[in-house]
There are 2 protein chains.
Amino acid sequence: MPAETTDLAQALRDAGLRVTHQRLSLLSLLMDASDHPNADELLARARAEDDSVSLATVYRTLAILEEAGLIRKLTLENEPARFESMPLAEHDHLVDIDSGEVVEIASEEINRIRKDLVEGLGYEIVSHTTLIRARKLR
Amino acid sequence: MPAETTDLAQALRDAGLRVTHQRLSLLSLLMDASDHPNADELLARARAEDDSVSLATVYRTLAILEEAGLIRKLTLENEPARFESMPLAEHDHLVDIDSGEVVEIASEEINRIRKDLVEGLGYEIVSHTTLIRARKLR
DNA sequence: CTTGTAAATGCAAATCACTCGCATTTGTCA
DNA sequence: TGACAAATGCGAGTGATTTGCATTTACAAG
């Protein structure tokens with residue numbers, strides 16, 4: 001059994017979740033994905049790989065994995081949500097409005113400023129999402 | 001006829017749009033609103049004020065006003081979109097996860113850093129939305 | 001001030017992205 | 001190895017938003 005599989009199964013157990021084909025499949029798909037797939041795309045990939053998975057389970061599993069802090073949901077405008085495995089470093093997302101491609105943007109300085117700003121207002125950040133719609137310069 | 005009404009009508013005409021009760025009503029509601037209402041709330045307010053407006057028209061009008069750059073749509077997670085009149089100064093939004101309240105956060109420094117960062121990647125920002133989910137500190 | 005006409009609206013039905021109910025299957029743990 | 005709650009598949013259900021179509025309306029032309 002490959003180490004990675006074991007790790008993912010352990011990650012699920014650590015989160016107090018049962019280890020099922022479907023969960024391992026979706027989690028590993030997201031760990032390996034270099035793009036940001038939506039639920040339909042994940043369903044297609046999961047089915048291509050091996051198992052029978054239903055769309056309902058994809059949604060249920062994604063919600064559970066997000067709850068467990070293993071993945072992250074990106075709520076976009078006018079299109080279904082996309083998902084990514086939980087990033088080690090916080091980053092924002094840039095959507096190329098012509099190609100639809102999503103680019104990740106690191107922003108340690110912004111994160112710090114934002115945190116100070118929010119705390120100055122008497123809040124603590126639970127999570128944040130920045131979505132930048134941009135066009136490639138030529 | 002009050003000056004404000006004239007201005008709004010002119011803003012519509014400038015955008016190449018016909019001036020209708022419904023559009024004026026929704027636009028002025030958003031200009032005056034201190035909160036960030038969603039489509040249902042706007043429908044209720046528009047109907048309370050005077051006219052008969054349908055939900056379909058509220059959605060159609062909001063889309064058109066957004067297209068014209070007169071208002072802005074906030075796409076939230078797990079709840080219907082909210083709207084605000086186009087802000088003079090860019091700002092981000094903080095959602096109080098306990099009360100649901102939306103607070104606006106000005107951040108000129110962040111805007112500058114973000115702009116530089118994105119341009120460094122060869123993009124120009126078309127628009128951006130930052131949504132911070134936060135909890136009030138006690 | 002009427003009128004012609006395309007654009008805007010209201011209504012109800014449709015769509016889209018999810019979510020849920022329930023019968024069946026499957027991890028887990030004793 | 002069994003017992004049982006948790007997870008899944010399927011299909012029906014929801015909530016937010018959109019669309020088709022008949023009717024009304026803004027507004028340019030006369």
Side-chain angles (χ1 to χ4, degrees), chain A residues 1 5-6 8-27 29 36-44 46-47 49-68 70-83 100, chain B residues 1 5-6 8-27 29 36-44 46-47 49-68 70-83 100:
Chain A
M1 185 185 293
T5 303
T6 307
L8 295 185
Q10 194 53 50
L12 289 173
R13 268 188 279 270
D14 290 349
L17 302 172
R18 285 193 181 177
V19 180
T20 66
H21 293 181
Q22 295 88 338
R23 286 173 183 177
L24 283 176
S25 175
L26 289 170
L27 190 49
L29 276 170
H36 296 77
N38 62 31
D40 276 341
E41 290 162 349
L42 283 169
L43 176 65
R47 285 190 162 159
E49 215 163 63
D50 58 331
D51 280 309
S52 83
V53 189
S54 74
L55 185 57
T57 292
V58 169
Y59 277 110
R60 275 189 289 234
T61 301
L62 289 172
I64 282 169
L65 294 179
E66 189 195 12
E67 180 77 19
L70 294 171
I71 67 170
R72 191 183 195 200
K73 175 178 169 182
L74 305 180
T75 300
L76 308 188
E77 305 203 345
N78 311 318
E79 65 171 301
R82 301 188 186 202
F83 300 84
Chain B
M1 186 186 290
T5 303
T6 306
L8 295 186
Q10 194 53 50
L12 289 174
R13 267 187 280 270
D14 290 348
L17 301 172
R18 283 195 181 177
V19 179
T20 65
H21 293 182
Q22 295 88 337
R23 288 174 182 176
L24 283 176
S25 175
L26 288 170
L27 190 49
L29 276 171
H36 297 77
N38 62 31
D40 276 340
E41 290 162 349
L42 284 168
L43 177 65
R47 286 189 163 159
E49 215 163 64
D50 57 332
D51 280 309
S52 83
V53 189
S54 74
L55 186 57
T57 293
V58 169
Y59 276 110
R60 274 190 288 235
T61 300
L62 290 172
I64 281 170
L65 295 178
E66 190 195 12
E67 181 76 20
L70 294 171
I71 67 169
R72 191 183 195 198
K73 175 178 169 182
L74 304 180
T75 300
L76 308 187
E77 305 204 345
N78 312 317
E79 65 170 301
R82 301 188 186 203
F83 300 84

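As a basis for the values below, the full set of heavy atoms in this structure was taken, side chains included, without hydrogen atoms, waters or symmetry mates. Within every chain, numbering begins at 1; the chains are lettered A, B, ... in the order of the sequence lines, protein sequences first and strands thereafter. This one's a predicted model, so the numbers in the text were calculated from it and none came from an experiment.
The side chain of R23(B) contributes an N or O atom lying less than 4.0 Å from OP1 or OP2 of dA8(C). Look at T20(B) and you won't find any side-chain N or O under 4.0 angstrom from OP1 or OP2 of dA7(C). OP1 or OP2 of dG10(C) has at least one side-chain nitrogen or oxygen of T57(B) nearer than 4.0 Å. The shortest distance between the side-chain N/O atoms of Y59(A) and the OP1/OP2 oxygens of dT19(C) is not below 4.0 Å. Between Q22(B) and dT25(D) there is no side-chain polar atom (N or O) within less than 4.0 angstrom of OP1 or OP2. Listed pair R60(A) / dA7(D) fails the phosphate criterion, with no side-chain N or O lying under 4.0 Å from OP1 or OP2.
Rounded to an integer number of Å, the gap from CG of L76(A) to P of dT17(D) is 15 Å. Atom CZ of R18(B) is separated from atom P of dT5(C) by 13 Å (rounded to the nearest Å). The separation between L27(A) atom CG and dA7(D) atom P is 15 Å, rounded to whole Å. Residue N78(A) contributes atom CG, which lies 10 Å from atom P of dT17(D) at whole-angstrom precision. The distance between atom CG of L12(B) and atom C1' of dA7(C), rounded to the nearest whole Å, is 14 Å. Nucleotide dT25(C) holds its C1' atom 11 Å from the NE2 atom of H21(A), rounded to whole Å. Whole-Å rounding puts the L17(B) CG to dA6(C) C1' distance at 15 Å. Whole-Å rounding puts the E77(B) CD to dT19(C) C1' distance at 17 Å.
At a threshold of 4.0 angstrom between heavy atoms, the contacts of A39(A) with the nucleic acid are absent. Using a 4.0 Å heavy-atom distance criterion, L55(B) is classed as a base contact. Residue contacts shown for A63(B) are absent, as no nucleic acid heavy atom lies under 4.0 Å away.
Checked options L24(B), I64(B), T20(B); the residue passing with L12(B) is L24(B) (criterion: side chain to side chain contact (heavy atoms under 4.5 Å, CB included)).
Side-chain N or O atoms of R47(A) include one that pairs as donor or acceptor with a backbone N or O of V53(A) at under 3.5 Å. The main-chain N or O of R18(A) is never found under 3.5 Å from a side-chain atom of R13(A) such that the two would form a donor-acceptor pair.
For F83(B) and S54(A), each mapped to the nucleotide of DNA chain D holding its nearest heavy atom, the one lying further toward the 5' end belongs to S54(A).
Ranking dT8(D), dG9(D), dT19(D) by closeness to the A56(B) side chain, first place goes to dT19(D). In this structure, of dT28(C), dC10(D), dT9(C), it is dT28(C) that holds the atom nearest to the side chain of R13(A).
In this structure, a donor-acceptor pair under 3.5 Å is absent between the side chains of N38(A) and K73(A).
A distance of 6.5 Å separates OG in S52(A) from CD in Q22(A), rounded to the nearest 0.5 Å.
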